[in-house]
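Quick note: residue numbers are just sequence positions, from 1.
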Amino acid sequence: MPNINYIASAGTGKTHSLVYNLIQKVIDEDISLKDVLILTFTEKAAAEIKDRISKEIIKRLSKPGTDNRQKIKLHKQIVFLSSSFTGTFHSVFLRILKKFPHISGIDNSYRIIDNLQPFLIDMFDRFIQRDLEQNPEEWEEIVNLFEGKPFRLFKIFSSMYIQRLKLVKEQINNNDLDTIKKEIKTLKKEIEIWIDTLVDRYPEILEYPVFFHTPIHQLKKQIENPSSLKIGDRLIKKQLKNASQKEKEYFQKFVKPVLTDGSFLKIERKIVETGKKLSILAKDYNGKVILRKFYQFLEFVEKFKKEEKLIDFNDILEKTASLIENRSIREQLKSSFRYIFVDEFQDTDVVQAEILKKISSNNLYIFGDPKQCIYTWRDADLNVYFSFLKEMKFEDRFLQINHRSSKGLVDFFNRLLSSQNFLSHIDNKFKKSVASNYLSDREEIKLFQIKSENICIDKEADLTAYLITKITSEGYSFKDITILFYRNKDLQFFREHLLRKGIPVSGTSDNNLFKTREVQTVINIFKVIHNSDDRLSILNVLKSPLLMVEDKEIFDRKDSLFSFDYPLINLIKNIISKKHSLSLEQIIDLIYEKTDILQRFALMKNGKMAVKNLEKLRNIAYRLCREGFSLYHFISYVETGYEREAETVEENSVQLLTMHRSKGLQNKVVIIPLISKEPARIELRDIHVINNRPAINITTAVSREIHIYENRLKEEIRAENERLFYVAVTRAKEKLFFVSSGRKNNKNSFMNILSSVTIPTEEIEHPEEITVKQKIPTDKILRNIEEIEKLENKGKKVLLDRKPEKFVSVSKLMDKSNEHEGKGGETAVYVGILTHSVLENINLNDFCLEEAKAVAQHLSSNIPENIRETVLSQVIKLLNRYQNSHIDRELKNAKILFKEFPFVIKENGRFVEGRIDLIYQKKNTIYVMDFKTNRYETEEEKKKILKQYEKQKDYYLKAVSKLFPDKEIVFRLGLLWKGEVI
């Protein structure tokens with residue numbers, strides 16, 4: 001039997017086909033779900049496949065003509081489903097590792113590091129503390145490389161750690177480094193001799209440094225640190241631009257003749273050649289120094305993980321690959337799985353593919369679409385996909401019917417795929433046309449082009465709001481609309497803009513309740529209660545927002561972590577002493593009632609949602625407790641990650657998603673704005689793995705391969721953006737709208753892709769002036785009238801007895817006259833917004849007026865065009881007044897703790913929200929400062945301003961006192977109009 005490759009374009013029923021083929025195998029052949037391996041990439045997809053299998057079995061059981069033998073067999077499959085090898089690569093491979101603990105070394109006592117970053121930070125701190133004492137000379141060299149910024153080294157180490165499976169380990173010893181050092185020293189001496197020769201023989205050409213690509217004095221300085229040496233093919237410029245007349249005359253007389261002088265050319269060539277050799281050798285040396293230290297760090301981490309019985313996701317893959325090197329186990333796995341089904345195969349990485357090769361035997365059913373490979377940043381590799389197909393000799397089968405989108409949309413997708421320049425890196429056999437079986441009389445595709453010189457995000461948001469109101473007036477609900485973005489930053493801007501327009505929106509960043517910071521904190525407390533020797537969970541609790549213990553204090557007590565005298569630690573000890581007599585429900589109640597966890601997380605950004613998530617966790621714990629779950633069972637349940645929906649959203653709301661998050665979803669209407677923006681810029685991160693070797697990119701150690709790689713990276717990003725565009729447009733079922741502004745389209749923009757096909761276009765002059773009145777349903781009008789009548793009949797008592805809003809802002813609790821600072825309506829509001837944004841984005845310890853003006857200019861693009869110039873002018877006036885003002889002097893030597901700090905305070909059954917502009921410290925006093933742009937001239941007017949903000953002051957002090965209960969806290973107003981601190 002050949003391996004089967006199902007090529008499944010978007011919307012062609014990939015999951016349905018996988019489940020159908022699987023059940024058919026169960027019915028037609030003597031196999032059960034226990035004999036099948038089903039792999040996918042996310043917990044959500046695994047849960048969906050299990051759900052689909054269950055529904056398909058139930059459907060087959062009720063199908064007329066199903067005989068008793070088949071019914072018995074199908075009934076058994078429902079029982080086998082929960083224990084089947086169906087799940088993510090990592091979850092299934094971990095089960096396999098634990099099945100052979102005597103060889104893999106992994107048993108049930110091992111725990112997964114599900115949050116790698118804090119773990120690596122802790123490991124890095126421990127490693128430096130130990131290694132700095134043992135190898136001070138090595139660290140002196142590294143510190144010089146990073147100019148005293150060790151966090152940059154951590155970023156490189158953490159990146160290499162995450163990508164370590166790609167690396168071919170190099171043995172780097174001190175002898176090798178000493179040899180390179182000697183070569184560097186020799187080359188430095190050689191180039192210095194040649195430069196001195198040039199200076200002695202041709203002193204006249206040194207008169208003007210402008211004649212040189214790199215002036216000689218700079219060149220000599222760079223040689224001292226040769227990894228930063230910048231040297232081209234020539235030392236002297238062949239022609240001058242923007243030179244003075246005197247410089248031109250001097251150039252003609254003294255410099256131009258040497259350009260053809262054989263002796264000079266020989267010296268120049270020697271300097272250039274030696275300089276290039278020196279630069280490459282120095283970069284190579286620096287790279288090896290860093291790599292040597294990384295492998296020492298890696299050894300340190302691996303030893304710690306083994307001692308603490310910890311494992312991360314890459315370990316699972318690496319150890320599984322190692323496990324199946326054992327022939328007996330490999331053959332056992334081969335015989336265990338009659339068939340292997342893999343979903344979303346285009347997202348596999350090289351290690352996953354190699355494992356599949358070794359445990360399969362012409363029994364692979366893979367389902368994928370290279371056009372939808374959009375996770376290369378998570379190691380998905382299209383080259384792996386294509387080479388796997390070639391090597392394993394697959395028989396291709398095409399899913400040819402799109403069940404998701406209307407005929408008009410499918411025709412558009414087909415035209416896009418047939419375009420010569422679109423997805424040219426993918427073979428045509430994967431871009432075959434498909435048909436649609438979805439008929440709709442409401443289908444529509446259109447581009448809305450705003451007439452403007454530049455891209456205007458606010459205008460595009462206005463037009464999107466107009467489109468939403470127009471679509472909903474045609475019978476669609478808000479929930480039928482999805483808006484897709486390349487960047488999360490743009491999503492947040494649209495979210496705020498649409499909310500101001502009264503349009504309900506929703507959108508989450510992760511969508512997994514158990515991955516949120518607040519819930520993870522509770523789970524870590526659970527893990528410590530369950531196992532008081534769990535050092536990693538103890539560490540996570542100590543560093544959580546509930547305690548925020550400093551690293552030094554943790555390191556000082558590393559041998560007795562429970563010696564900390566904190567109320568939370570004492571509570572955990574108390575619960576541990578009687579945990580066997582407490583139910584899961586009682587444990588979580590004690591944590592919520594005896595700590596300030598709800599209030600503490602309410603103080604954080606998105607505090608409202610954090611509180612809801614914590615309440616949701618408690619409800620889940622209550623439910624599972626009634627089902628007989630113990631603390632241990634609950635922790636195990638949490639680690640499967642099946643509980644989704646981290647955010648409670650309004651049921652009928654417009655969904656805002658990034659394009660990457662939209663994979664696997666669909667909706668009746670899809671709007672894609674900002675298609676003329678550059679979707680991604682080339683960013684050379686600190687480290688890239690190229691051909692199994694690290695290419696390090698730091699100021700003083702740029703790998704020789706990095707510049708070659710930059711061109712390849714550009715091409716890869718361009719290709720992935722095209723695939724991302726395909727994923728985005730194929731989410732639409734009936735209507736697909738694009739929104740664009742600006743005359744010029746960036747080279748790699750989605751607009752350029754769209755220009756390869758013809759679609760209807762509508763030009764819009766002033767989108768902000770377009771309004772559409774929504775038709776309000778009659779029953780809603782009647783309900784409103786009834787409510788008004790009730791209020792009129794019951795009078796003020798009804799208003800007093802009404803339950804207060806659960807969440808209310810500080811500004812709402814203040815007098816309405818206080819909500820906007822000063823007079824001037826919309827302009828004054830935007831002056832306040834822009835001023836606060838500038839102060840948030842600059843260094844207040846060292847205020848620079850020019851920098852502040854530049855930031856203001858940059859951020860002003862978000863202000864409506866009709867008032868932008870006026871607002872910017874007023875903000876710059878305030879910044880001029882800020883320089884050398886009382887506020888400026890106050891903050892110069894202050895320790896800035898927080899900027900734009902959000903908080904929520906629980907009060908009388910509701911949560912009061914606010915945002916503090918600045919929290920800073922001087923000596924042992926904490927200061928809370930709120931910036932105000934109110935205009936005032938007299939003392940009377942100033943006193944009025946102070947009185948307005950008395951209530952705000954009370955809430956701010958109450959919020960900050962929770963963070964710093966043992967400190968003196970002082971509230972101050974920073975009055976920007978005159979630069980005063982009150």
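In this structure, Phe388 has its ring center closer than 6.0 angstrom to the ring center of Phe345.
Ring geometry, His660 versus Tyr375: the interplanar angle falls from 30° to 60°, so the pair is classed tilted. Using cut-offs of 30° and 60° on the angle between ring planes, the pair Phe300 and Phe127 is tilted. Ring-plane geometry between Phe124 and Phe157 is classed as perpendicular, the angle between the planes exceeding 60 degrees on a 0 to 90 degree scale with a lower cut at 30. Taking the six-membered ring where the residue is Trp, Phe634 and Phe526 present perpendicular rings, their angle passing 60° and hence far from 30°.
Between Thr42 and Ala45 the shortest heavy-atom distance is OG1-N, 3.0 Å. Gly87 approaches Ala46 most closely through the heavy-atom pair CA-CB, 3.7 Å. Nearest approach of Thr521 to Phe601, heavy atoms of both residues: OG1-CZ, 3.4 Å. Closest heavy-atom contact between Ser537 and Arg111: OG-NH1, 4.4 Å. The minimum heavy-atom distance linking Ile162 with Asn314 is given by the pair O-ND2, 2.6 Å. Minimum interatomic distance between Leu39 and Leu37 (heavy atoms only, all atoms of both residues): CD2-CD1, 3.8 Å.
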- [ ] Report the C-alpha distance between Glu325 and Arg330 in whole Å, list the side-chain angles of each, state the deciding distance to 0.1 Å, and finish with yes or no for salt bridge (Lys or Arg N to Asp or Glu O under 4.0 Å).
- [x] CA-CA 7 Å; Glu325 289 300 312; Arg330 187 168 66 247; 5.2 Å; no
TODO: Show your working on side chain to side chain contact (heavy atoms under 4.5 Å, CB included) between Leu281 and Ile180 and close with a plain yes or no.
DONE: CA-CA 7 Å; Leu281 203 59; Ile180 299 173; 3.9 Å; yes
Task: CA sep, side-chain torsions, deciding dist, call: Ser109, Lys309, side-chain hydrogen bond (donor to acceptor under 3.5 Å, both in side chains) - done: CA-CA 7 Å; Ser109 65; Lys309 294 197 169 184; 3.1 Å; yes
- [ ] Carefully, step by step, assess Thr516 and Gln520 under the rule side chain to side chain contact (heavy atoms under 4.5 Å, CB included).
- [x] CA-CA 6 Å; Thr516 59; Gln520 274 288 311; over 6 Å; no
Task: Residue pair Leu153, Trp139: steps toward the side chain to side chain contact (heavy atoms under 4.5 Å, CB included) verdict - done: CA-CA 11 Å; Leu153 179 64; Trp139 278 102; 3.5 Å; yes
Task: Working for side chain to side chain contact (heavy atoms under 4.5 Å, CB included), residues Glu138 and Gln296 - done: CA-CA 12 Å; Glu138 291 179 9; Gln296 293 170 4; 4.0 Å; yes
TODO: Dump the intermediate steps for side-chain hydrogen bond (donor to acceptor under 3.5 Å, both in side chains) on Gln332 and Ser328, then the final yes or no.
DONE: CA-CA 6 Å; Gln332 190 175 333; Ser328 171; 4.9 Å; no
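Put simply, the side chain of Asn531 never gets that close to the backbone of Lys527: no donor and acceptor are under 3.5 Å apart. Here the side chain of Arg126 pairs no donor or acceptor atom with the backbone of Met123 at under 3.5 angstrom. Although no hydrogens or angles enter the test, the distance criterion places a donor-acceptor pair under 3.5 Å between the side chain of Gln586 and the main chain of Ser583. Put simply, the side chain of His530 never gets that close to the backbone of Leu631: no donor and acceptor are under 3.5 Å apart. Of the possible polar contacts, none joining the Ser322 side chain to the Lys319 backbone as a donor-acceptor pair under 3.5 Å is found. A donor-acceptor contact shorter than 3.5 Å is absent between the side chain of Thr376 and the backbone of Asp379. Put simply, the side chain of Lys579 gets close to the backbone of Ile529: a donor and an acceptor are under 3.5 Å apart. Of the possible donor and acceptor atoms, none in the side chain of Ser159 sits under 3.5 Å from a partner among the backbone N and O of Lys155. Of the possible polar contacts, none joining the Asp284 side chain to the Ile280 backbone as a donor-acceptor pair under 3.5 Å is found.
Here Glu133 contributes atom CD and Ile128 contributes atom CD1; the two are 12.5 Å apart, rounded to the nearest 0.5 Å. Distance check: Ser532 OG to Ile572 CD1 gives 10.5 Å after rounding to the nearest 0.5 Å. The CG atom of Asn286 lies 10.0 Å from the NZ atom of Lys283; values are rounded to the nearest 0.5 Å. Note that CD1 of Ile184 is 8.0 Å distant from CG of Leu187, once rounded to the nearest 0.5 Å. With rounding to the nearest 0.5 Å, the separation of CG in Leu298 from NZ in Lys303 is 14.0 Å. Note that CG of Asn135 is 11.5 Å distant from CD of Glu141, once rounded to the nearest 0.5 Å.
The closest side-chain donor-acceptor pair between Asn173 and Arg292, if any, does not fall under 3.5 angstrom.
Side-chain contact between Ile103 and Leu323 is present, with heavy atoms from C-beta onward closer than 4.5 Å. Two residues are said to be in side-chain contact when any heavy atoms from C-beta on lie closer than 4.5 Å; Ile121 and Phe154 meet this criterion. Residues Lys288 and Asp176 are not in side-chain contact: their nearest non-hydrogen atoms beyond the backbone lie 4.5 Å or more apart.
Each of Leu614, Leu617, Leu546 was checked for a side-chain contact (heavy atoms from CB on, under 4.5 Å) with Glu518, and the lone residue meeting it is Leu614. Checked against Val528 for a side-chain contact (heavy atoms from CB on, under 4.5 Å), the options Ile538, Ile569, Ile523 give a single hit: Ile538. Ile359 pairs with exactly one of Thr320, Ile96, Ile340 by the side-chain contact (heavy atoms from CB on, under 4.5 Å) rule, that one being Ile340.
Using a 4.0 Å cut-off between a side-chain N of Lys or Arg and a carboxylate O of Asp or Glu, Lys293 and Asp131 qualify as a salt bridge. Note on Lys663 versus Glu344: salt bridge recorded, some NZ/NE/NH1/NH2 to OD/OE distance being below 4.0 Å. Salt-bridge annotation for Asp315 and Arg164: present, with a side-chain N of the basic residue lying under 4.0 Å from a carboxylate O of the acidic one. A salt bridge links Lys305 with Asp312: the distance from a Lys NZ or Arg NE/NH1/NH2 to an Asp or Glu carboxylate oxygen falls below 4.0 Å.
Residues that satisfy the ring pair (Phe, Tyr, Trp, His ring centres under 6.0 Å) test with Phe89, not counting sequence neighbours, are Phe41, Phe93.
Residue Lys98 places its NZ atom among more than 12 non-hydrogen atoms of other residues, nucleotides or ligands, all under 6.0 Å distant. Atom CD of Glu137 sits in a sparse spot, with 12 or fewer heavy atoms from other residues, nucleotides or ligands closer than 6.0 Å. Around CD of Glu331, the count of heavy atoms belonging to other residues, nucleotides or ligands within 6.0 Å exceeds 12. Counting non-hydrogen atoms of other residues, nucleotides and ligands closer than 6.0 Å to NZ of Lys188 gives a total above 12. For NZ of Lys306, the number of neighbouring non-hydrogen atoms (other residues, nucleotides, ligands) closer than 6.0 Å is 12 at most. The number of heavy atoms from other shown groups lying within 6.0 Å of CD (Gln134) is above 12. Remark: Lys277 NZ is loosely packed, at most 12 non-hydrogen atoms of other residues, nucleotides or ligands lying under 6.0 Å away.
Arg618 forms no cation-pi arrangement with Tyr592, by the criterion of a distance under 6.0 Å to the ring centre and an angle within 45° of the ring axis.
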